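Take a look at the following structure, please.
Chain A is the first sequence line, chain B the second, and so forth, proteins listed ahead of strands; every chain is numbered from 1. Just so you know, these numbers come straight off a predicted model, no measurement behind them.
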2 protein chains.
Amino acid sequence: MGNEVRTMADIARLAGVSVSTVSRALNDSPLIPEETKERIRRIAHTYNYELHVGARNLRLQRTQTIAAVIPFGETSDRQVSDPFYLEIIGAIANKLAEYDYDLLISRAHAADEGWYQRYVLGKRVDGLIIIGRKLNDRGIAKLVELGANFVVWGPPLPGQRYVSVGSDGVSGAAQAVRHLIQLGRRRIAFIGGDEDETETWLRRRGYEQELQRAGLPLDANLIAYAHFTSESGYFAMRQLLARAPDIDGVFVCSDLMAVAAMEALRQEGRDVPNDVSIVGYDDIPLAAHCSPPLTTVRQQIRRGGMLLASKLIDLIEGRQVESVTLPVELIIRESCGAKVRSARGC
Amino acid sequence: MGNEVRTMADIARLAGVSVSTVSRALNDSPLIPEETKERIRRIAHTYNYELHVGARNLRLQRTQTIAAVIPFGETSDRQVSDPFYLEIIGAIANKLAEYDYDLLISRAHAADEGWYQRYVLGKRVDGLIIIGRKLNDRGIAKLVELGANFVVWGPPLPGQRYVSVGSDGVSGAAQAVRHLIQLGRRRIAFIGGDEDETETWLRRRGYEQELQRAGLPLDANLIAYAHFTSESGYFAMRQLLARAPDIDGVFVCSDLMAVAAMEALRQEGRDVPNDVSIVGYDDIPLAAHCSPPLTTVRQQIRRGGMLLASKLIDLIEGRQVESVTLPVELIIRESCGAKVRSARGC
DNA sequence: AATGTATATGCAATCGATTGCACAAGGAAA
DNA sequence: TTTCCTTGTGCAATCGATTGCATATACATT
């Protein structure tokens, strides 16, 4: 009802000028004298005029929107609700807002092969940020082929033909495992995310490298995969305990799963950290305030999100962009104790 | 490089027909004979044609996009990373995808008054989903005034002039507190989210109602507010313990904060559940797998998200829509024990 | 053969902005 | 007074799709 001023044409009528002049005035063009600009601006403001972004974007052949492709939705049966995703989304959104870009969220749908194409070819977005990188990701290959603007969360891999930002999972896992070994742990288990996920694969390499360096044997019974959910972390831990009851250390690929794993250990009568030491990954805020506080590999999640956003914009605007590996840091808390002669009971 | 077929005009040229025919064919109009449709579809497919959604939306005066306004970003200093948000976003995104709507994410920026206007008046989105409702929310009032399409997360309040979907926080809190009372707890604390947030306010009412019903005194020392972050939950608990060391029960407005509060209790030498019983809110997956597993008030988060999405679309498409109150359910786990004569130590 | 009807297709306007080019008015220089 | 330049403004095309209306062809009806 109230407002009949929706387009530049409306303003032009009110101001007694043409649409071109309104457009130039509102875009602060030097062609228009300050006096006229001011008059037009005032009218626009008075009538609560807002630019129709879609129309401008069509004309300018851009969308000023980027899509974050994140596997958090209920893919088939499982639903991921890891704070990690929210943190990185928040950081991305903040950075994009600085550049006046909007953020579109999409759960990646592995089943739907054409997904990327629709967004890229359909000019729905100017670029994409991919969060869950698979090993030999076909979607990413497709994006390279299409020449799309996109960046990926994860450390750069040898020979990769796209830009990525992430922390060094191999090193992160290695630091965690080294710490466990130094505490005297010898039967160290590994709980990954999905087996086909690159991050998990890298961390497993770090885990294995470090065991080998210490001369410890690799044991397939000490490896389990989960899906970055609390529940899957819990069951992975139970499974490991069933297969290898002598586990005395665990490296888990996310803090959320680590918390659940600690509870599984407790339920099986193991004390953390006295019987089993455990190290998580991410250092989400929860890690500092769970019971016991979790030793974990800190990723620079917010910095990563901001870099993803700014590098994508650099790409879109045609600048040269390099991949980045962010450092990780082992944060030591109470969930890791030194091996002691089993002294449970009162 | 590769692909020179970007618009319907390109396809029209290849097919030797007009753009109108291409448009009708691809939209499966009955005006076009099946044979022609098939030919055009084949060409479109061969050349990887994708519709330019922005152009269509401009013509059709819609955006096929909705915005979720969520206070998770780093508003000033704090950053919220509660799995609750991710779950509800996931559910919303899934439902919207069914209707071919895209989901735009925006951190609400309390400082920026004109935010809503830009999205609504600027025709950036067809509708909004508001997650963190404030008491006397000025932004929401503005949306009502503008006649925007939007829905709000939270139970309907008396006299409210918009549609909302949410669970009954008064009842949820009351159930939690009643349970604590039944277990023999008498000094029951309350940890809220932000004080100006409607959900927190409702739950506090439920808390107070239930205490009064049981004839227990209200004590301001037993009330603390936090910000839905782990850290703030932790400090709220410490603060409460400093003010009222005899606390024997706590009702916390989110599971994430409850986990942190349990750790604070543990650090202060209180055993959960023997010394202090604690009840959370939400029933995120973590709640079942933390230590100890958390008694909590289950909200139907996913169902809520789906309802928000479908009701918003109903609104956009002009259908009559009613607010909904979802039931809550107390999920009893180990974090609540009956009051026992203090029997700590070996 | 003339008229009517159904079917297939195209023209051109439209959505709301941006911008190259043309043009008009005013002042300065010759 | 004429010419030239500067400054301010508008016309019209454009971005890529949709769709009402007009038209063209084929076929059926009388």
- For S20(A) and dG10(D), is the shortest distance between a side-chain N/O and OP1 or OP2 below 4.0 Å?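 False: S20(A) side-chain N/O out of range (4.0 Å or more) of dG10(D) OP1/OP2.
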
- Item | Along DNA chain C (nearest heavy atom to each residue), the more 5'-positioned of P33(B) and L26(A) |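 So the residue in question is P33(B).
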
- Nearest whole angstrom, please: distance from the P of dA17(D) to the CG of L60(B).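 So the CG-P distance, L60(B) to dA17(D), works out to 12 Å.
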
- Is N27(A) near enough to dT18(C) that one of its side-chain N or O atoms lies under 4.0 angstrom from OP1 or OP2?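 Checking dT18(C) against N27(A), a side-chain N or O does come within under 4.0 Å of OP1 or OP2.
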
- Could you state the atom-to-atom distance from CD1 of I32(B) to C1' of dA6(C) in whole Å?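 Computing the I32(B):CD1 to dA6(C):C1' distance gives 15 Å.
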
- Checking side chain to side chain contact (heavy atoms under 4.5 Å, CB included) against I130(B), which of L308(B), V151(B), L143(B) comes through?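 Result: among L308(B), V151(B), L143(B), L143(B) is the only option passing the side chain to side chain contact (heavy atoms under 4.5 Å, CB included) with I130(B).
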
- Looking only at side-chain N and O atoms, does S18(B) come under 4.0 Å of OP1 or OP2 in dC11(C)?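 Looking at the OP1 and OP2 atoms of dC11(C), neither is under 4.0 Å from any side-chain N or O of S18(B).
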
- Neighbour count above 12 (heavy atom, 6.0 Å) for E35(A) CD: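 Check fails, neighbour count at 12 or below.
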
- Message: Whole angstroms only, please: what is the CG-P distance between L51(A) and dC15(C)?
- Response: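 Interatomic distance, CG of L51(A) to P of dC15(C): 16 Å.
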
- Task: Note down the inter-axis angle between the two ends of the helix from dA1(C)-dT30(D) to dA30(C)-dT1(D), five pairs each, to the nearest 10°.
- Result: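 Terminal axis comparison yields 70°.
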
- Where each residue is assigned the nucleotide of DNA chain D containing its nearest heavy atom, which of L31(B) and G54(B) is assigned the position nearer the 5′ end?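 First, find each residue's nearest nucleotide; the 5'-ward one identifies G54(B).
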
- Message: Assess whether a salt bridge exists between R161(A) and E145(A), defined as any Lys/Arg side-chain N lying under 4.0 Å from an Asp/Glu carboxylate O.
- Response: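 So R161(A) does not pair with E145(A) through a salt bridge.
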
- Query: Which whole-number value in Å describes the distance from R24(B) CZ to dT19(D) P?
  - Reply: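 Checked: the CZ to P distance equals 9 Å.
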
- Message: Rounded to whole Å, please give me the gap between CG in L58(B) and C1' in dC15(C).
- Response: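 In whole Å, dC15(C) C1' lies 4 Å from L58(B) CG.
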
- To the nearest Å, how far apart are N57(A) CG and dA17(D) C1'?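 After rounding, the gap between these two atoms is 16 Å.
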
- Would the number of heavy atoms belonging to other residues, nucleotides or ligands and lying under 6.0 Å from CG of N136(A) be above 12?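 For N136(A), atom CG is not crowded (no more than 12 foreign heavy atoms under 6.0 Å).
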
- Might you work through the salt bridge (Lys or Arg N to Asp or Glu O under 4.0 Å) test for D314(B) and K311(B), ending with a clear yes or no? CA-CA 5 Å; D314(B) 284 346; K311(B) 281 182 179 292; 5.8 Å; no

- Do you know which of T65(A), T63(A), N149(A) makes side chain to side chain contact (heavy atoms under 4.5 Å, CB included) with D126(A)?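 Filter result, single survivor: T63(A).
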
- Item | Residues N94(A), R302(A); criterion side-chain contact (heavy atoms from CB on, under 4.5 Å); working and verdict | CA-CA 10 Å; N94(A) 278 321; R302(A) 301 197 75 75; 3.7 Å; yes

- Is there a side-chain polar atom (N or O) of S23(A) under 4.0 Å from OP1 or OP2 of dT18(C)?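 Answer yes for this pair, as a side-chain N or O of S23(A) is under 4.0 Å from OP1 or OP2.
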
- Run the side-chain contact (heavy atoms from CB on, under 4.5 Å) check on R41(A) and D28(A) step by step: do they pass? CA-CA 10 Å; R41(A) 270 192 228 115; D28(A) 202 26; 3.5 Å; yes

- Message: Just the rounded figure in Å: distance from P of dC15(C) to NE2 of H52(B).
- Response: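 The distance from NE2 of H52(B) to P of dC15(C) comes to 19 Å, rounded to the nearest Å.
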
- Item | Touch class at under 4.0 angstrom, heavy-atom based, for V17(A) against every strand present |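 Answer is sugar-phosphate: V17(A) comes under 4.0 Å of backbone atoms only.
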
- Query: Between dT14(D) and Q61(A), is there an OP1 or OP2 to side-chain N/O distance shorter than 4.0 Å?
  - Reply: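 Checking Q61(A) against dT14(D): no side-chain N or O falls below 4.0 Å of OP1 or OP2.
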
- Rounded distance in Å - CD (E35(A)) to P (dT7(D)):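 Going from E35(A) (CD) to dT7(D) (P), I get 16 Å.
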
- Is any side-chain nitrogen or oxygen of R56(B) closer than 4.0 Å to OP1 or OP2 of dG16(D)?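 Checking dG16(D) against R56(B), no side-chain N or O comes under 4.0 Å of OP1 or OP2.
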
- Any Y49(B) side-chain nitrogen or oxygen under 4.0 Å from OP1 or OP2 of dG16(D):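 Checking dG16(D) against Y49(B), no side-chain N or O comes under 4.0 Å of OP1 or OP2.
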
